[in-house]
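Residue numbers start at 1 and run along the sequence shown.
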Amino acid sequence: MTFVSTVGTAPPVDLPTAVRTGLAPDGGLYLPSVLGPLGEGQLAQLEGCSFAESAARLLPHLIGPSLAPDVVARICRVAFDFPVPTVQLSERVFVLELFHGPTLAFKDVGARFLAQLLAATTAPGVPLTVLAATSGDTGGAVAAAFHGLPGTRIVILYPHGQVSALQERQFATLGGNVEAVAVEGVFDDCQRLVKGAFADGDLRRRLGLTSANSINVGRLLPQVVYYFHALAQLRPTAPDVVVSVPSGNFGNLTAGLIAKRLGLPVGRFVAATNANDIVPEYLRTGQLRTRLSVRTVSNAMDVGDPSNLERIVTLYEGDLDRLRHDISGRAFTDEQTIACIAETSERYDYVLDPHSAVGLLGVEAELAEGTATVGITLATAHAAKFPDVVGPAIGGPVEAPARLAGLEGRRSHARRMAPSLEALRVLLDRD
């Protein structure tokens with residue numbers, strides 16, 4: 001298996017190279033060169049498997065011979081030491097809970113796999129600087145996954161004042177090899193700076209720069225697995241299933257579309273988002289109009305220039321009609337999101353975080369208007385990570401797991417930085 005750039009002018013590379021470099025030399029994002037369907041009966045073989053077992057069975061198909069199956073299995077055992085259950089919410093709606101990892105967000109799946117993959121494929125003594133931008137949960141997941149790994153430096157860029165206090169404490173209080181940098185701007189500035197750093201060949205070589213955002217294909221691949229894992233638990237038939245994906249940078253949806261290409265038996269996906277409705281607008285009008293993001297209560301989806309749309313368009317060879325056949329774009333307001341949290345708590349005694357509420361709104365709208373009879377929505381974070389939004393919506397405090405409660409009172413090590421590439425260069429070279 002080789003990995004190819006979405007731009008198409010860089011040569012194919014093996015998995016270790018794609019993961020190590022993050023972006024292709026031509027500025028494109030890597031995708032597997034071959035996405036052939038899985039063998040007959042593959043889904044049935046996943047029934048009763050843990051998530052780690054499902055990953056160990058499926059990922060060799062995407063990785064190819066770059067890593068031996070026993071190495072992949074070992075990485076999966078270490079990375080995925082938590083459950084990924086599917087919970088029935090109503091007669092027609094199921095919730096895939098992706099928030100049982102160490103930082104209580106779906107980003108743990110990709111970040112922990114990427115950390116172990118880099119550790120397994122990086123030669124001793126080779127410098128490694130992991131640069132990541134976060135609008136919320138990525139920062140905590142990447143920091144936790146790489147914290148303490150020998151020879152590895154982690155730099156997290158985040159928009160100052162625009163992530164929740166709990167989210168910030170998850171990555172800004174660790175210290176050690178994890179550096180938190182509050183950028184005076186929005187998430188799109190942070191993402192622009194990451195891409196700018198990768199475009200600097202000298203910086204990349206000297207620092208051993210790689211990315212832990214979903215632009216890195218090593219973070220994307222394990223996300224493909226949980227779609228199959230969910231369907232193996234439910235076993236519905238393809239035309240009857242719609243999957244709603246809360247979407248910001250659209251890596252999660254990209255993984256779902258890759259899964260569909262491999263034979264995932266679903267009929268349609270919902271790209272569910274907030275006021276930052278760039279992709280729903282693109283699907284509706286055919287015009288891609290990126291813009292500065294606006295702040296919402298579902299802050300991890302506050303993205304005005306989603307990187308992974310490039311991968312999605314490449315997967316569909318720019319065919320908008322095919323995209324529209326497989327994806328429905330739906331956007332929801334803060335008011336609708338908060339109302340969904342309140343109603344779901346009252347009706348089902350189930351507490352959603354704001355992002356998962358957007359996902360539920362998406363699947364309910366699609367079921368109401370479409371032909372699907374079964375809907376799965378992705379629950380991407382634990383509600384306790386957003387007490388200022390969820391608490392008032394449900395009329396009481398959100399019970400916080402011990403791992404979150406233990407963050408209270410911890411001192412932040414974050415530093416501030418102007419949203420300029422020169423400021424980032426100075427920071428990276430100084431330390």
Just do the side chain to side chain contact (heavy atoms under 4.5 Å, CB included) check on Leu67 and Ile75 with the steps written out, would you?
CA-CA 10 Å; Leu67 288 177; Ile75 289 173; 4.2 Å; yes
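- Between Asp305 and Lys195 no salt bridge is recorded (no basic side-chain N to carboxylate O distance below 4.0 Å).
- The backbone N or O of Ala423 sits less than 3.5 Å from a side-chain atom of Ser420, completing a donor-acceptor pair.
- No side-chain donor-acceptor contact under 3.5 Å links Asn299 to the backbone of Val163.
- Between the side chain of Ser293 and the backbone N or O of Gly304 there is no donor-acceptor pair closer than 3.5 Å.
- The backbone N or O of Asn216 sits nowhere less than 3.5 Å from a side-chain atom of Ser211 that would complete a donor-acceptor pair.
- A salt bridge links Arg330 with Glu369: the closest approach of a Lys/Arg side-chain nitrogen to an acidic carboxylate oxygen falls below 4.0 angstrom.
- The backbone N or O of Val245 lies less than 3.5 Å from a partner atom in the side chain of Ser247, making a donor-acceptor pair.
- One N or O on the side chain of Asn177 and one on the backbone of Gly148 form a donor-acceptor pair closer than 3.5 Å.
- Glu343 CD: 12 or fewer foreign heavy atoms inside a 6.0 Å radius.
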Pair Tyr350, Val95 - check side chain to side chain contact (heavy atoms under 4.5 Å, CB included), show working.
CA-CA 10 Å; Tyr350 191 91; Val95 179; 3.5 Å; yes
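- Under the 3.5 Å distance criterion, the side-chain polar atoms of Thr210 are matched with a main-chain donor or acceptor of Val19.
- With Asp137 as the partner, the side-chain hydrogen bond (donor to acceptor under 3.5 Å, both in side chains) test is satisfied by one option alone out of Lys107, Gln170, Gln167: Gln167.
- Of the charged side-chain nitrogens involved, at least one lies within less than 4.0 Å of a carboxylate oxygen, so that Arg291 and Glu281 count as a salt-bridged pair.
- A donor-acceptor contact shorter than 3.5 Å links the side chain of Thr129 to the backbone of Leu207.
- Using a 4.0 Å cut-off between charged nitrogen and carboxylate oxygen, Arg206 and Asp429 count as a salt-bridge pair.
- Remark: Asp81 engages Arg112 in a salt bridge, criterion side-chain N to carboxylate O under 4.0 Å.
- One N or O on the side chain of Arg324 and one on the backbone of Leu283 form a donor-acceptor pair closer than 3.5 Å.
- The closest donor-acceptor contact from the side chain of Ser50 to the backbone of Glu53 lies under 3.5 Å.
- Below 30°, between 30° and 60°, or above 60°: for Phe386 and His355 the angle between ring planes is between 30° and 60°, a tilted geometry.
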Between Ile258 and Thr254, is a side chain to side chain contact (heavy atoms under 4.5 Å, CB included) present by the stated rule, with each step listed?
CA-CA 6 Å; Ile258 290 173; Thr254 303; 4.3 Å; yes
Side chain to side chain contact (heavy atoms under 4.5 Å, CB included) evaluation trace for Tyr316 with Asp326
CA-CA 10 Å; Tyr316 283 80; Asp326 286 352; 2.6 Å; yes
